[in-house]
Amino acid sequence: HATDPDHVIAVTTIVAREKTSTGATAIGAAWGIGHTMTILIVGGGIILFGWVIPPRIGLSMEFSVGLMLIALGLFNLRGTISSLVSSHSVTDAKPAHSHAHAHGDYIHTHNHGHAPEAHPHEPTLTPLSRLDRTFGSARAYRLTRPLVVGIVHGLAGSAAVALLVLTTIRNPVYAIWYLLVFGMGTIVGMMVMTAAIIAPFAKAGRRLPRLEGGLKVASGLISLAFGLFVAYRIGFVDGLFTAAPHWTPK
């Protein structure tokens, strides 16, 4: 379950900002915890209380995954967009060049000069600077994004998992235990996935900074494209935005 395409694409856009396998596995664990929380809450409601999810609500939960993938893709691409804009605004008389560099945990490239150092923006005016100044010292803050992503993914898949359990396990207590074990498995699975995903980013960052930037751009483009595809399929093919939506939990 951890290797579903939308799961891998979403987590890759977040892991791309990490530098160590420890940080990457923490992201995987946070995603798994958020996913498990939603599975237990929504799936438990279906099993214990007989909740029935209307098609339009079910499609909306899956549509949220598409919106999230689009947002994550744009989030990763914003550094590239900034670099394109800044390439036309550098007025430094000294020779300008471009390379990957960091402002806190925000890593991007744009044309700038040295001797003296000249940037087209203040180092403190990066997209996450305000939040980072306020909460950056808290580890929980860095894990909030994957936790939220996991919660959204859990919303999209909880109904399918609960219905699968109901068809095989009639005892509600055992069914809830199944959801819990399933959730623990996704936590471990995603920790393994994120540890594997970070390897090429870490190697590229040490040896070829520009390649690292290229990998981040690629992850952002894939996330954006896949998110648009999911949003279109849910919105128009499955009928979320039509008068007759049809939904099959999956």
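Just so you know, these numbers come straight off a predicted model, no measurement behind them.
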> If you measure from CD1 on Ile234 to CG on Leu59, what distance do you get to the nearest 0.5 Å?
Replying inline: 5.5 Å
>> To the nearest 0.5 Å, what is the distance between CD on Glu62 and CG on Leu240?
In response: 10.0 Å
> How many angstroms lie between OG1 in Thr168 and CG in Leu163, if you round to the nearest 0.5 Å?
Replying inline: 11.0 Å
> Are Ile53 and Met61 close enough that some pair of their side-chain heavy atoms sits under 4.5 Å apart?
Replying inline: yes
> Is Phe182 reachable from Leu166 through a run of I, L, V, M, F, W or Y residues, each pair having side-chain heavy atoms under 4.5 Å apart?
Replying inline: yes
>> Using a 3.5 Å distance criterion without hydrogens, assess whether the side chain of Thr194 forms a donor-acceptor pair with backbone atoms of Ala24.
In response: yes
>> Hydrophobic cluster membership, with links at side-chain heavy-atom distances under 4.5 Å among I/L/V/M/F/W/Y: are Leu180 and Met191 in one?
In response: no
> Which pair of heavy atoms, one from Ala10 and one from Met68, lies closest together, and at what distance?
Replying inline: CB-CE, 4.3 Å
> Is Ile169 close to Trp177 at the side-chain level, that is, under 4.5 Å between some pair of heavy atoms?
Replying inline: no
>> As a test of understanding, state which of Thr36, Val42, Leu40 forms a side-chain contact (heavy atoms from CB on, under 4.5 Å) with Leu179.
In response: Leu40
>> Once rounded to the nearest 0.5 Å, what's the spacing between atom CG of Leu72 and atom CG of Leu67?
In response: 11.0 Å
> Quick one: does Ser60's side chain have a donor or acceptor within less than 3.5 Å of a partner on Arg56's backbone?
Replying inline: yes
>> According to a hydrophobic-cluster definition based on side-chain heavy atoms being under 4.5 Å apart (Ile, Leu, Val, Met, Phe, Trp, Tyr only), do Val188 and Val181 belong together?
In response: no
> Is a donor on one side and an acceptor on the other found under 3.5 Å between the side chain of Arg78 and the backbone of Phe75?
Replying inline: yes
>> Determine whether a donor-acceptor pair (N or O, by modelled atom type, separation under 3.5 Å) exists between the side chain of Ser223 and the backbone of Leu69.
In response: yes
> How far apart are the closest heavy atoms of Thr13 and Ser219, and which atoms are they?
Replying inline: CG2-O, 3.6 Å
> Does His7 use its side chain to pair, donor to acceptor, with the backbone of Gly150 at less than 3.5 Å?
Replying inline: no
>> side chain to side chain contact (heavy atoms under 4.5 Å, CB included), that's the test. Do Ile33 and Ile187 meet it? Break it down for me.
In response: CA-CA 6 Å; Ile33 291 171; Ile187 293 174; 4.0 Å; yes
>> Restricting to non-hydrogen atoms, name the atom on Ala2 and the atom on Val8 that form the minimum distance, rounded to 0.1 Å.
In response: O-CG2, 3.7 Å
> Can you name the nearest heavy-atom pair linking Ala231 to Phe63, along with the distance?
Replying inline: O-CE1, 3.4 Å
>> Please check: side-chain N/O of Thr25 versus main-chain N/O of Ala195, any donor-acceptor pairing under 3.5 Å?
In response: no
>> Tell me the closest heavy-atom pair linking Val152 and Ser64, and the distance in Å.
In response: CG1-OG, 3.4 Å
>> Nearest 0.5 Å, please: how far is CD1 in Ile197 from OG1 in Thr12?
In response: 3.5 Å
> Considering only heavy atoms from C-beta outward, does the side chain of Val217 approach that of Asn76 to under 4.5 Å?
Replying inline: no
> If we only count heavy atoms from C-beta on, is the Leu77 to Leu221 side-chain gap below 4.5 Å?
Replying inline: yes
> Is Tyr178 reachable from Ile41 through a run of I, L, V, M, F, W or Y residues, each pair having side-chain heavy atoms under 4.5 Å apart?
Replying inline: no
> Of all heavy-atom pairs between Pro54 and Val52, which one has the smallest distance, and what is that distance?
Replying inline: CD-O, 3.4 Å
>> With a 3.5 Å distance limit and no angle check, can you tell me whether Asp4 reaches the backbone of Asp6 through a side-chain donor-acceptor pair?
In response: no
>> Other residues, nucleotides and ligands only: do more than 12 of their heavy atoms fall within 6.0 Å of OH on Tyr232?
In response: no
>> Hydrophobic clustering (ILVMFWY, side-chain heavy atoms < 4.5 Å, transitive) - are Val161 and Ile151 grouped together?
In response: no
> Which word best sums up how the rings of Trp31 and His35 line up, parallel for under 30°, tilted for 30 to 60°, or perpendicular for over 60°?
Replying inline: parallel
> How far does CD1 of Ile46 sit from OG of Ser158, to the nearest 0.5 angstrom?
Replying inline: 5.5 Å
>> Run the side chain to side chain contact (heavy atoms under 4.5 Å, CB included) test on Glu18 and Ile27 for me, step by step, so that the C-alpha distance in whole Å, both residues' side-chain angles and the decisive distance to 0.1 Å come before the verdict.
In response: CA-CA 9 Å; Glu18 286 295 320; Ile27 286 175; 3.3 Å; yes
